[in-house]
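What follows is a short report on a single structure.
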Number of protein chains: 2
Amino acid sequence: MTSQPATRERQRDADRTRAEILEVAQHEFARHGYAGARVDEIAALMRTTKRMIYYYFGSKEQLYIAVLEKAYAEVREVERTLDVEHLAPVEAIRTLAELTFDHHDAHREFIKLVAIENIHQAEHIRKSEALGNLGTPVLDLIERILDAGTASGDFVTEADAIDVHMMISAFCFFRVANQHTFGALFGRDMTAPEHRDRQRGMVGEMIVGYLRGGGARS
Amino acid sequence: MTSQPATRERQRDADRTRAEILEVAQHEFARHGYAGARVDEIAALMRTTKRMIYYYFGSKEQLYIAVLEKAYAEVREVERTLDVEHLAPVEAIRTLAELTFDHHDAHREFIKLVAIENIHQAEHIRKSEALGNLGTPVLDLIERILDAGTASGDFVTEADAIDVHMMISAFCFFRVANQHTFGALFGRDMTAPEHRDRQRGMVGEMIVGYLRGGGARS
DNA sequence: TAAGTAACGTACTAGTCCGTACATTAACTG
DNA sequence: CAGTTAATGTACGGACTAGTACGTTACTTA
């Protein structure tokens with residue numbers, strides 16, 4: 001009943017408002033897709049109004065792009081802090097795979113946003129100046145691990161860094177992104193701890209098995 | 001300018017109309033997602049009217065479910081005709097992986113529908129009587145191949161059929177489903193023939209390398 | 001061939017949703 | 001402290017969109 005101290009009543013804070021809009025918008029877009037997301041619903045879930053969305057972001061589409069940019073920026077930040085190069089090549093790539101697994105497991109909304117963006121043929125990413133053709137730090141890291149592994153003789157398969165990145169990402173992405181159809185069809189909840197732990201081991205074994213050449217023909 | 005023979009002018013054909021609606025609807029849903037798809041647009045792309053969509057399917061949602069059911073039915077039909085059990089276990093699983101690859105490569109719209117359905121937490125699949133908890137024929141096939149491989153000593157890794165299915169599907173699904181964001185970020189068109197052919201080989205080597213135990217720790 | 005029904009077309013409605021015009025208030029600045 | 005600007009709130013409009021009421025035409029069958 002008693003009101004807050006006068007200074008905290010309806011205090012103005014552009015950064016905070018902007019940040020809150022982005023956060024709520026990320027939830028809404030991830031939950032309902034771009035077309036399914038409702039600007040009014042985003043507004044309703046905030047302590048401010050729809051007017052502010054347009055004040056700070058201009059349109060639903062620009063808000064969505066801003067959400068994408070923020071989400072990708074966070075991922076890049078994580079990738080930049082990866083530190084596996086002190087390990088031997090085999091352990092390095094296995095650890096990278098497992099950390100990628102953990103990261104995907106922990107960032108479901110980012111994965112949904114990427115899936116949504118792909119449904120729209122990445123048209124919004126292409127519209128974003130911040131996101132176009134930027135690549136990602138892991139690629140260099142993978143490149144170096146592959147070189148080291150080839151030099152040491154641990155890796156037999158000649159592999160391309162982008163391919164390896166895709167192989168790891170595919171596994172980690174799929175089990176989160178497709179958990180619902182998979183669950184509905186096979187009755188297995190892939191997010192359950194026992195499956196998660198086993199699958200975490202699988203990524204590593206898969207990628208190392210591939211690079212060691214265990215699957216080579218004849 | 002001259003009109004068709006009288007018998008062909010505005011002939012009635014319930015099956016044909018129904019089928020055409022489903023086909024056009026699949027395009028529209030795959031292209032724009034569930035919420036983004038427009039019933040009016042589907043109608044505009046047909047030689048009949050919106051009224052027919054409601055006449056045959058009742059609602060946008062039921063139409064979408066019907067599209068899903070048809071798409072899944074086609075996939076099951078392909079899976080049912082798979083014939084790799086005359087091969088030795090290693091070649092059998094490799095061939096299965098490569099055929100899965102080809103199938104995903106050839107059925108982009110199905111993949112998009114699955115991605116869309118996952119964004120909506122598979123709520124429509126769960127509503128469908130035809131799709132709930134049906135599993136899929138490949139699982140039994142994989143099961144038998146794994147058993148044969150373990151018995152023959154070709155496979156060392158103890159693997160679960162669903163996990164193996166996921167590993168293969170993840171790779172095949174991802175490179176199609178995420179081609180747009182991947183392309184935008186890395187500037188690589190994964191659907192280009194040279195990449196496709198190399199990646200087709202990768203699935204096989206990956207899965208065989210994993211099952212042979214080439215990635216086992218220490 | 002007459003009657004009945006399945007298939008199809010037109011025109012409209014009720015509601016939703018993005019975006020904005022206009023008013024207001026808090027904070028800063030000289 | 002007066003003036004200015006940045007930040008916020010309210011109320012509304014115009015376009016779009018799923019769904020329907022109502023009417024019509026082709027085909028079947030007795």
Side-chain angles (χ1 to χ4, degrees), chain A residues 3-29 31-68 116 120 123-124 127, chain B residues 3-29 31-68 116 120 123-124 127:
Chain A
S3 53
Q4 308 274 332
T7 49
R8 291 225 35 217
E9 276 215 53
R10 185 96 29 229
Q11 211 170 1
R12 294 189 168 188
D13 189 336
D15 291 343
R16 197 193 127 111
T17 303
R18 237 189 96 98
E20 190 182 352
I21 293 174
L22 278 176
E23 193 186 333
V24 175
Q26 173 168 323
H27 282 49
E28 176 76 4
F29 282 122
R31 214 173 181 71
H32 303 288
Y34 176 69
R38 299 287 167 247
V39 176
D40 285 290
E41 181 63 20
I42 295 171
L45 294 171
M46 302 185 303
R47 54 148 194 50
T48 178
T49 65
K50 184 169 58 161
R51 177 69 185 79
M52 290 298 94
I53 293 172
Y54 289 92
Y55 182 70
Y56 286 109
F57 298 97
S59 70
K60 179 183 182 179
E61 187 180 18
Q62 285 175 273
L63 171 61
Y64 174 70
I65 291 174
V67 167
L68 273 181
I116 290 163
H120 298 290
E123 62 167 302
H124 306 102
K127 275 180 190 167
Chain B
S3 54
Q4 308 276 334
T7 49
R8 291 227 33 217
E9 277 214 54
R10 186 103 21 233
Q11 210 169 0
R12 297 190 166 186
D13 189 337
D15 290 343
R16 197 193 126 111
T17 302
R18 239 189 95 99
E20 190 183 353
I21 293 174
L22 277 175
E23 194 186 335
V24 175
Q26 173 168 321
H27 282 50
E28 176 75 5
F29 282 121
R31 214 173 182 72
H32 303 287
Y34 176 69
R38 298 288 166 248
V39 177
D40 285 292
E41 182 63 19
I42 295 171
L45 294 171
M46 300 186 304
R47 54 151 194 45
T48 178
T49 68
K50 183 167 60 158
R51 178 70 185 78
M52 290 299 95
I53 292 172
Y54 290 92
Y55 182 70
Y56 285 110
F57 298 97
S59 71
K60 181 183 181 179
E61 187 180 18
Q62 286 175 273
L63 171 60
Y64 174 71
I65 291 175
V67 167
L68 273 182
I116 290 164
H120 299 289
E123 60 168 301
H124 306 101
K127 275 179 189 165

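Residue numbers begin at 1 in each chain, while the letters A, B, ... track the order of the sequences.
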- Task: Calculate the interatomic distance between A/Arg38 atom CZ and D/dC16 atom P; express it in whole Å.
- Result: 15 Å
- Taken to the nearest whole Å, NE2/A/His32 to C1'/C/dT16 is 15 Å
- Query: Hey, does the side chain of B/Tyr55 come within less than 4.0 Å of C/dC8's phosphate (OP1/OP2), counting only N and O?
  - Reply: no
- Query: Within this structure, what is the CD1-to-P distance between B/Ile42 and D/dT17, rounded to whole angstrom?
  - Reply: 12 Å
- When you get a sec, tell me which of C/dG19, D/dA7, D/dT20 is the closest nucleotide to the side chain of B/Tyr54? D/dT20
- Query: D/dA18, C/dC18, D/dT8: which one has an atom nearest the side-chain heavy atoms of B/Lys60?
  - Reply: D/dA18
- Note on the structure: The single option from B/Val39, B/Thr17, B/Val24 that satisfies side-chain contact (heavy atoms from CB on, under 4.5 Å) with B/Ile53 is B/Val39
- Starting from the C-alpha separation in whole Å, work towards a yes-or-no answer on side-chain contact (heavy atoms from CB on, under 4.5 Å) for B/Glu41 and B/His27. CA-CA 11 Å; B/Glu41 182 63 19; B/His27 282 50; over 6 Å; no
- Establish whether the base of C/dT25 is bridged to the side chain of A/Arg12 by a donor-acceptor pair shorter than 3.5 Å. yes
- Message: A side-chain contact here means heavy atoms from C-beta on lying under 4.5 Å apart; do A/Leu63 and A/Phe29 qualify?
- Response: yes
- A/Arg47 CZ to D/dG9 P: how many Å, rounded? 8 Å
- In whole angstroms, the gap separating C1' of C/dC18 from CD of A/Glu41 amounts to 15 Å
- Query: Atom CE of B/Met52 to atom C1' of D/dA21: distance rounded to whole Å?
  - Reply: 14 Å
- Item | Out of D/dG9, C/dG19, C/dC8, whichever nucleotide has its closest atom nearest the side chain of A/Thr49 | D/dG9
- Query: Would you say C/dA7 has OP1 or OP2 under 4.0 Å from some side-chain N or O of B/Thr17?
  - Reply: no
- Task: For the side chain of A/Thr48, starting at C-beta, report the closest nucleotide among D/dA18, D/dT8, C/dG9.
- Result: D/dT8
- Which listed nucleotide (D/dA18, C/dC17, D/dT8) is nearest to the side chain of A/Arg51? D/dT8
- Query: Within the structure shown, what part of the strands sits under 4.0 Å from B/Ala35 by heavy-atom distance: base, sugar-phosphate, or nothing?
  - Reply: nothing
- Note on the structure: In whole angstroms, the gap separating P of D/dC16 from CG of A/Asp40 amounts to 18 Å
- Message: OP1 or OP2 of C/dC8 versus the side-chain N and O atoms of B/Tyr56: is any pair under 4.0 Å?
- Response: yes
- Task: Under the side-chain contact (heavy atoms from CB on, under 4.5 Å) rule, what do A/Tyr34 and B/His32 come out as? Steps first, then yes or no, please.
- Result: CA-CA 10 Å; A/Tyr34 176 69; B/His32 303 287; over 6 Å; no
- Nearest listed nucleotide, side chain of A/Lys50, among C/dA6, C/dG19, D/dT20: C/dG19
- Item | Rounded interatomic separation in angstrom, taking CG from A/Asp13 and C1' from C/dT25 | 16 Å
- Going by heavy atoms in the side chains, are B/Arg38 and B/Lys60 under 4.5 Å from each other? yes
